[in-house]
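One structure is given below, encoded as structure tokens.
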Amino acid sequence: MKDTVTQLLESALATLQSEGILPTNQSFTPNVGNTKDKAHGDYASNIALIAAKAAGCAPRQLAETLISRLPASGAVDKIEIAGPGFINFFMSTASSFEVVNDILARAEQYGRNNFGNGASVQIEFVSANPTGPLHVGHGRGAAIGDCLSRLLEANGYNVTREFYYNDAGVQIKNLALSVQARAKGLTPNDEKWPKDGYRGDYIDDVAQAYLAKETVTADDREVTAVGDADDLDALQAFAVAYLRREQDLDLKAFGVEFDVYFLESSLYDSGKVEETVNRLIANGYTYEQDGALWLKTTAFGDDKDRVMRKTDGGYTYFLPDVAYHQNKWERGFNTVINEQGADHHSTVTRVRAGLQALNEGIPKGWPDYVLHQMVMVTRSGEEVKLSKRAGSYVTLRDLIDEVGCDATRFFLAARRVDSQLTFDIDLARSQTNENPVYYIQYAHARICSVLRKLSESGIERGFQECVGDLSLLTLDEEKDLANQLAQYPELIRNAANLREPHHLTHYLRELAGHFHTYYNAHKVLIDDTALRDARISLYLAVRQVLANGLDLLGVSAPKEM
RNA sequence: GCGCCCGUAGCUCAGCUGGAUAGAGCAACGGCCUUCUAAGCCGUGGGUCGCAGGUUCAAGUCCUGCCGGGCGCACCA
């Protein structure tokens, strides 16, 4: 519909150029927007204001000339010039409802496109180290990363979901020492408890499972415990597997699956880290100082140089990060998105700088980052900081257990990534219209309920069956709904291109709102069967779009509530 | 001190690439269930878009400075 208007304007602009009214040495692209106010029609363009200078006349005058050159179209009812020179398009009622047929014909495909043309995109998200249960922040990353993945898939991209984690390093040592301490009967308050040890109750679970010689199977590994509390290597291997499995269970409960688990240790095993260092040295971007090896990241916009190899000979996390991203590049991903907490923001410049120093033709701004801000959890207006199991933070599992997967996903994806998020447990649990998840799901369930009612009277209607004469739909509420349904495909494009999944939640809230208004104002199961069928067709279209949108969020669309 | 993010109604937040009188929900107040799920709907009130400049025909949106909050500034990830 909007495309139609754009095409009409493009045609008129071309005519004006050929007539010499507009210069041919610059191009004019009509910007067609949705109107906020119905008095401004269905669509509006500001092209006359933009092009007025080039045309050398007043915007309103240009608008008038432009309109006179517009090709005739049955879809447009009326065109007006308003304000400083906006061109407002009023679409015909009949054309507004074409979208209903379109939706029912395309069903779950409605809103999807092939914009990406099968191009590969890799999204790395969550990437929690196996040192404890996932926390709320990981949950936000999981909700955003997975929704973004689904959005990109809906736009025709081939998405690889990847989870990167460190299974060696200092923190894993701390983990092993903590489990060992528990296995030897120590508790976090004992004097001999390891410094920087992990204090959560779950450490004791790991220790007990280790002593019981359990076997754990995670998505990417299986380990049987040795049971010897003095064997630190065995303790470490078991602890990593145990906590990996735990995270897998959390993710499964959250409805998130990964295609690839990538281990930091594999970069060492394969010699990739060594190779990367050598490359950086050979390119002349390194120097020795204070017994450490530094990379001149300041040559690429960092505010200070960074240590790559520590005085003890070990590497900092930064180097494997560079090696890892080099590996991503070598795997052929032109588009890579890293979804991370904003507390890791400082790695962005460093990783990009390291990749530039490799001199491999990797683009400057590669890879992309989506950084989400912190999450605060509240209950009864008070901040919740602790969970018994993890000790110092609220776990994702706590939320899923308490408010359910649907509400957790929705709430964690519902805010712009760069604003801090307050997760209100009471709100997420509430079953009233103040809870957007239930509000949207209820709209879907209501439509299903009406259809059940209809079938009780002997009339079965398939999910995609449009038997109604749409020209019978004349109400404002009906046109509002149709217009909003028509905006869905554009929303899917924008949300993916901007990497802003929260738009989807707002759209669905609004669509559900329009539906509830309509539902309450006008009965659908009425004696006038022709009008009834037309309305049922619109209902079916609304249900389809609600279902499609919820699916992209990973939230269920219940048939009854 | 330096870097990044945020600052919109009492509260929680939208506002897409600058566009026409700034929008929702909640909370407050007043209505609607012999009628398809009231987990719903309708109505009313509520705003110097943190402050000050600048760019523009047009600024919540872009630029600069300041104020306030968060995060980061480790040879931790």
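Chain identifiers are assigned alphabetically (A, B, ...) following the order of the sequence lines, protein sequences preceding nucleic acid strands; residue numbering begins at 1 within each chain.
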Does the [N] base have a donor-acceptor partner in the side chain of [X] within less than 3.5 Å?
X        : N      : answer
A/Asp343 : B/rA77 : no
A/Ser449 : B/rC36 : no
A/Tyr438 : B/rA39 : no
A/Asp303 : B/rG3  : no

Which nucleotide in [options] has an atom nearest any side-chain atom of [X]:
X        : options                : answer
A/Thr316 : B/rA20, B/rC75, B/rU12 : B/rC75
A/Leu49  : B/rC71, B/rG19, B/rA77 : B/rG19
A/Leu525 : B/rC36, B/rA39, B/rG72 : B/rC36
A/Asn46  : B/rG19, B/rC36, B/rG69 : B/rG19
A/Thr517 : B/rC41, B/rA20, B/rC75 : B/rC41
A/Asn166 : B/rC36, B/rA77, B/rA20 : B/rA77
A/Lys523 : B/rU12, B/rC5, B/rU35  : B/rU35
A/Ser419 : B/rC57, B/rC76, B/rA14 : B/rA14
A/Phe86  : B/rC4, B/rA77, B/rA20  : B/rA20

Across the strands shown, which category fits [X] at heavy-atom distances under 4.0 angstrom: base, sugar-phosphate, nothing?
X        : answer
A/Ile172 : nothing
A/Asn129 : sugar-phosphate
A/Asp312 : nothing
A/His514 : nothing
A/His516 : sugar-phosphate
A/Asn174 : nothing
A/Glu560 : base
A/Arg416 : sugar-phosphate
A/Tyr315 : nothing
A/Arg309 : nothing
A/His502 : sugar-phosphate
A/Ala445 : base
A/Ala495 : nothing

Rounded distance (Å) that lies between atom [atom2] of [N] and atom [atom1] of [X]:
X        : N      : atom1 : atom2 : value
A/Glu383 : B/rG69 : CD    : C1'   : 14 Å
A/Ile47  : B/rC57 : CD1   : P     : 17 Å
A/Arg446 : B/rA38 : CZ    : C1'   : 7 Å
A/Asp418 : B/rC16 : CG    : C1'   : 14 Å
A/Lys36  : B/rG60 : NZ    : P     : 10 Å
A/Arg306 : B/rA77 : CZ    : C1'   : 14 Å
A/Lys304 : B/rA74 : NZ    : P     : 4 Å

G-U wobble or Watson-Crick pairing nucleotide for [N] (cut-off 3.5 Å, both distances):
N      : result
B/rG47 : none
B/rC36 : none
B/rC2  : B/rG72

Practice task
Verify side chain to side chain donor-acceptor pair (under 3.5 Å) between A/Glu477 and A/Tyr519, making sure each step is shown before the conclusion.
Solution key: CA-CA 9 Å; A/Glu477 290 94 334; A/Tyr519 175 91; over 6 Å; no
Practice task
Flag this pair as yes if the NZ/CZ of A/Arg244 is under 6.0 angstrom from the six-membered ring centre of A/Phe163 and inside a 45 degree cone about the axis; otherwise no.
Solution key: yes
Problem - Residues A/Glu162, A/Lys328: salt bridge by 4.0 Å N-O rule - result: no
Problem - N-O pairing of A/Arg140 and A/Glu339 below 4.0 Å - result: no
Between [N] and [X], is there an OP1 or OP2 to side-chain N/O distance shorter than 4.0 Å?
X        : N      : value
A/Tyr439 : B/rC41 : yes
A/Arg509 : B/rA24 : no
A/His503 : B/rG15 : yes

Problem - Nearest-Å distance once atom P is located in both B/rG60 and B/rA9 - result: 15 Å
Exercise for the section: Between B/rU48 and B/rU8, how far apart are the C1' atoms? Round to whole Å, please. Expected result: 12 Å
Completion exercise
Closest to the 5' end of RNA chain B, once A/Leu498 and A/Arg350 are matched to their nearest nucleotides, is A/Leu498
Practice task
Output the distance between atom CG (A/Leu412) and atom SG (A/Cys147), rounded to the nearest 0.5 Å.
Solution key: 11.5 Å
Handout entry: Stacking check A/His40 vs B/rA20 (5.5 Å / 30 deg)
Key = yes
Practice task
Give me the one residue out of A/Tyr165, A/Phe262, A/Tyr268 that meets ring-ring contact (aromatic ring centres under 6.0 Å, His included) with A/Tyr324.
Solution key: A/Phe262
